[in-house]
Amino acid sequence: MNVADTDICGINAGDTITVEWHETDEQDRAISDSHLGPCLVYISPLDANGAGKVWTKIFENGYDPSTKKWCVDIIIASGGKLDVPIPADIEQGYYLMRTEVIALHEADRPFGEDENAGAEYFPNCAQVYIIGSGTAQLTGDSAIPGVYTKDEDGIVFNLYDGYDSYPIPGGTLYEAGSAPVVEKKVDAQSPIDEDGKTSSEEDEDKKPSSSNKEKASTSKDEKASSTTDEEANSPNPSSSDKPCVKVKRRRRR
């Protein structure tokens, strides 16, 4: 990734950002209410370039048996928005962030069993700069592609056969304090200065925009394998009505 040529979202460690999904640019609907399933968020150090087991899951929300609601229900009820807390102890620096919905309406059969079978994936990524005094270094435990297999529990799941729980797929959910710590260093080249400007924007004397509206551009009819691959522009993003990451639905099988 090229830091100078990419929009960077500044996020304070410990803050909550808001991710937003919409079916198309022209529609307010986030996703069909038949596309029930979990939401997941992964991050990876930017210098790893997303390659290998460098992704760490920092958020997951599946099915709540007490309310009988899925994460997709939450997104629909909130107009396409989902609040995602950022761990407070993460080391300051550049990261890639992957947000994702997995739709299970055809997941009662593994991918490949017929032309419609398999879970569908709606991912998007953003480049972010996490700001804070944390010392936790996320080494990652998941590779993308490779974090899911087409026949594992949670990727194969029957929405129509009665259930009271759901096994969320993917890597281990990160818990604050569980990562190795690093000696804190002052980053003299921080992309977010005290005036809220990125280093590349200082030359143009331009403030960073309040949201990154990078959209996915694949067709709704696109189909891919069940192991998918695949990114918040304010110094102080929060769960306001301006989303940190706004996602156009990307359909992947």
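Bear in mind the structure is a predicted one, so any value in this text is a computation, not a measurement.
- Taking the side chain as every heavy atom from C-beta outward, Met97 and Gln127 never approach each other to under 4.5 Å.
- Considering only heavy atoms from C-beta on, His105 comes within 4.5 Å of Tyr160 through its side chain.
- Residues Tyr94 and Val54 share a single hydrophobic cluster, defined by chaining ILVMFWY side chains whose heavy atoms lie under 4.5 Å apart.
- Using modelled atom types and a 3.5 Å distance limit, the side chains of Asp73 and Tyr63 yield no donor-acceptor pair.
- Note: the hydrophobic cluster containing Val101 does not contain Leu173 (ILVMFWY, side chain heavy atoms under 4.5 Å, direct or indirect links).
- Ile43 places none of its side-chain heavy atoms less than 4.5 Å from the side chain of Leu96.
- Contact record, Val147 with Gly171: CG2-N, 3.8 Å, taken as the closest heavy-atom pair.
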Would you sort out whether Asp161 and Tyr163 count as a side chain to side chain contact (heavy atoms under 4.5 Å, CB included), showing the intermediate values?
CA-CA 7 Å; Asp161 195 26; Tyr163 52 87; over 6 Å; no

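- A donor-acceptor pair is defined here as one N or O able to donate and one able to accept, closer than 3.5 Å; no such pair exists between the side chain of Asn12 and the backbone of Asp15.
- Checked by atom type and distance alone, the side chain of Glu20 never pairs as donor or acceptor with a backbone atom of Gly80 at under 3.5 Å.
- No salt bridge links Asp141 with Lys53; every basic N to acidic carboxylate O contact stays at or beyond 4.0 Å.
- Here the CH2-OG distance, from Trp21 to Ser78, works out to 9.5 Å after rounding to the nearest 0.5 Å.
- Using a 4.5 Å cut-off on side-chain heavy atoms (C-beta onward), Thr135 and Glu91 make no contact.
- Nearest heavy atom pair, residue Pro110 against residue Ala117, reads O-CB, 3.3 Å.
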Show the numbers, then the answer: is there a side chain to side chain contact (heavy atoms under 4.5 Å, CB included) between Leu40 and Ile168?
CA-CA 9 Å; Leu40 308 98; Ile168 300 176; 3.8 Å; yes

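- Considering every non-hydrogen atom in both Glu152 and Pro169, the closest pair reads OE1-CB, 3.6 Å.
- Between the NZ atom in Lys81 and the NE2 atom in His22 there is a gap of 7.5 Å [rounded to 0.5 Å].
- Taking the side chain as every heavy atom from C-beta outward, Arg109 and Asn116 approach each other to under 4.5 Å.
- To the nearest 0.5 Å, atom OG of residue Ser34 and atom CG of residue Leu159 are 9.5 Å apart.
- In summary, the side chains of Asp83 and Thr16 do not present any donor paired with an acceptor at a separation below 3.5 Å, with no hydrogens or angles considered.
- In this structure the side chain of Ile17 reaches within 4.5 angstrom of the side chain of Ile86, judged on heavy atoms.
- When atom types are taken as modelled, the side chain of Tyr166 and the backbone of Pro38 share no donor-acceptor pair closer than 3.5 angstrom.
- For the atom pair CD1 of Ile31 and CD of Glu23, the computed distance is 8.0 Å after rounding to the nearest 0.5 Å.
- Tyr95 is linked by a ring pair (Phe, Tyr, Trp, His ring centres under 6.0 Å) to nothing, counting only residues two or more places apart in sequence or in another chain.
- Linking ILVMFWY side-chain heavy atoms closer than 4.5 Å, directly or via other members, places Tyr121 and Val156 in two distinct hydrophobic clusters.
- In this structure, CD1 on Ile130 lies 6.0 Å from CD1 on Ile11, to the nearest 0.5 angstrom.
- Minimum interatomic distance between Asn61 and Cys71 (heavy atoms only, all atoms of both residues): O-CB, 3.2 Å.
- Under the ring pair (Phe, Tyr, Trp, His ring centres under 6.0 Å) criterion, no residue pair touches residues 41-61, with sequence neighbours excluded.
- Closest non-hydrogen pair, Ala88 versus Ala13, comes out as O-CB, 3.7 Å.
- At least one side-chain heavy atom of Ile75 sits under 4.5 Å from a side-chain heavy atom of Cys39.
- Contact annotation: the side chain of Leu138 approaches that of Tyr174 to within less than 4.5 Å [non-hydrogen atoms, C-beta and beyond].
- The local environment of CG in Asp164 is sparse, with at most 12 non-hydrogen atoms from other residues, nucleotides or ligands closer than 6.0 Å.
- Atom CZ of Phe111 is separated from atom CD of Glu120 by 10.5 Å, given to the nearest 0.5 angstrom.
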Which is it for Leu104 and Leu36 under the side chain to side chain contact (heavy atoms under 4.5 Å, CB included) test, yes or no, and what are the steps along the way?
CA-CA 6 Å; Leu104 303 172; Leu36 299 176; 5.8 Å; no

